[in-house]
Amino acid sequence: MLLRRVIEHVRDQNWTAIGIDFVIVVVGVFVGIQVANWNAERERSLDSAVFTARLKDDLRAVNWRYRLLVDYAGQVRAAARRAADALDGSAPLSNEEFLVNAYRATQYKGEQGSNRRGTYDQLISTGNIGLIRDEALLHIAVRAYTIDAVDSLVREGVNSRYRELFRMSIDRRVQQALGAQCGDRYLEPGEFEGMSEVLDYPCTTGLPAAVIDAAAEALRADPNTLRYLRVRIADLGTRLVDMTGNARDVYDGLQAIAEEAP
């Protein structure tokens, strides 16, 4: 209908009317574009809020796992130190205490509280990482999901030569008893109470004294036991420095996100 009016005005050479029609068209197009932009920005803001909330929820889970790994690594290192001190004579232990600490020095924490990263990976793969407008949050997410120290901690635990030596030296039934009586206590994901005692708690093996003595002697007799323990202690110390010192921004940033009201 507007086109017909314009044609009529041109035929009649009504230039004022033509000008008015032109202004109406321009204003209409401009308003239409602005409305479309406003709707697009509104949808993007809604998406941003949804993905920001999801990312924070994932990072709260990451924070729990990160702290569990740090605390657990500290407990393993403490056990390794006690076993090493018993071997070099600087702090003697009974054979059972030595065996328990020697076993605990082999432990590592792997899959519990897996590294929740679904939201982050979706944002990266779709090119929508810009939806996270909180720069501090984005920085912590990128650092937390790309830091190598966590993978190195787990990998060194799995591939530890000391762990291999222990497994080769000790009868499987003794290892089973140690795992059952003195192994990891389970924590529900998100549970912080008891984290400091997942591995470091009083225990007895329930094994006969002769079996304990034989197992302890097998470890004491191998000169590599102390050597590999020293490597294990050094590796754990390096990773703890990486995770709580060199990556202090991650350590503190994750905790700050966790302490925010959901």
Side-chain angles (χ1 to χ4, degrees), residues 28-74 76 108-159 184 186-193 195-196 198 235-262:
V29 170
F30 176 78
V31 171
I33 292 173
Q34 288 300 105
V35 169
N37 289 341
W38 181 83
N39 284 333
E41 178 58 27
R42 181 173 176 274
E43 289 180 8
R44 189 168 178 81
S45 294
L46 290 173
D47 288 342
S48 176
V50 169
F51 277 102
T52 296
R54 282 175 50 185
L55 183 60
K56 285 184 177 182
D57 192 47
D58 284 357
L59 289 175
R60 290 185 185 99
V62 172
N63 176 65
W64 179 83
R65 179 175 183 258
Y66 198 93
R67 273 168 161 67
L68 175 64
L69 290 174
V70 167
D71 212 325
Y72 188 85
V76 174
Y108 71 94
K109 183 65 70 177
E111 292 303 316
Q112 188 181 359
S114 60
N115 202 22
R116 268 177 47 183
R117 54 181 301 146
T119 302
Y120 179 79
D121 287 345
Q122 182 180 354
L123 289 168
I124 292 294
S125 64
T126 59
N128 285 320
I129 194 66
L131 287 173
I132 306 303
R133 297 172 177 176
D134 184 333
E135 292 185 5
L137 172 64
L138 182 57
H139 169 79
I140 294 301
V142 172
R143 290 277 286 134
Y145 288 124
T146 58
I147 188 171
D148 183 59
V150 173
D151 290 338
S152 295
L153 176 66
V154 176
R155 183 172 60 251
E156 289 167 359
V158 173
N159 299 324
D184 293 3
Y186 179 76
L187 279 184
E188 289 288 340
E191 181 182 354
F192 286 89
E193 186 176 354
M195 188 175 282
S196 62
V198 169
D235 286 345
L236 287 164
T238 298
R239 296 306 156 218
L240 285 169
V241 169
D242 285 345
M243 294 175 71
T244 62
N246 298 334
R248 192 73 195 185
D249 58 331
V250 177
Y251 189 79
D252 292 340
L254 287 172
Q255 183 63 23
I257 292 168
E259 290 173 354
E260 288 181 14

Can you check whether [X] reaches [Y] side chain to side chain, under 4.5 Å on heavy atoms?
X    : Y    : result
W64  : M195 : yes
D148 : R155 : yes
D71  : V198 : no
Y108 : V76  : no

What's the separation between atom [atom1] in [X] and atom [atom2] in [Y], rounded to the nearest 0.5 Å?
X    : Y    : atom1 : atom2 : answer
K56  : I257 : NZ    : CD1   : 7.5 Å
I124 : I129 : CD1   : CD1   : 4.0 Å
Y72  : L187 : OH    : CG    : 11.0 Å
D249 : R143 : CG    : CZ    : 4.0 Å
L69  : K109 : CG    : NZ    : 8.5 Å
M243 : Y251 : CE    : OH    : 9.0 Å

Does [X] use its side chain to pair, donor to acceptor, with the backbone of [Y] at less than 3.5 Å?
X    : Y    : value
N128 : L131 : no
Y145 : R116 : yes
N63  : L59  : no

* Taking only Lys NZ, Arg NE, NH1 and NH2, and the carboxylate oxygens of Asp or Glu, determine whether R54 and D57 approach each other closer than 4.0 Å. => no
* Check the pair V70, R65 against side-chain contact (heavy atoms from CB on, under 4.5 Å), reporting the backbone distance first and the verdict last. => CA-CA 9 Å; V70 167; R65 179 175 183 258; over 6 Å; no
* To do: Check the pair L153, L236 against side-chain contact (heavy atoms from CB on, under 4.5 Å), reporting the backbone distance first and the verdict last.
  => CA-CA 7 Å; L153 176 66; L236 287 164; 3.9 Å; yes
* Structure fact -> When I147, V241, T238 are each screened for side-chain contact (heavy atoms from CB on, under 4.5 Å) with N246, the one that passes is V241
* Is it the case that D121 and S125 place a side-chain donor and acceptor less than 3.5 Å from each other? -> no
* Asked: In terms of side-chain heavy atoms, does T119 have a donor or acceptor partner in D58 at a distance below 3.5 Å?
  -> yes
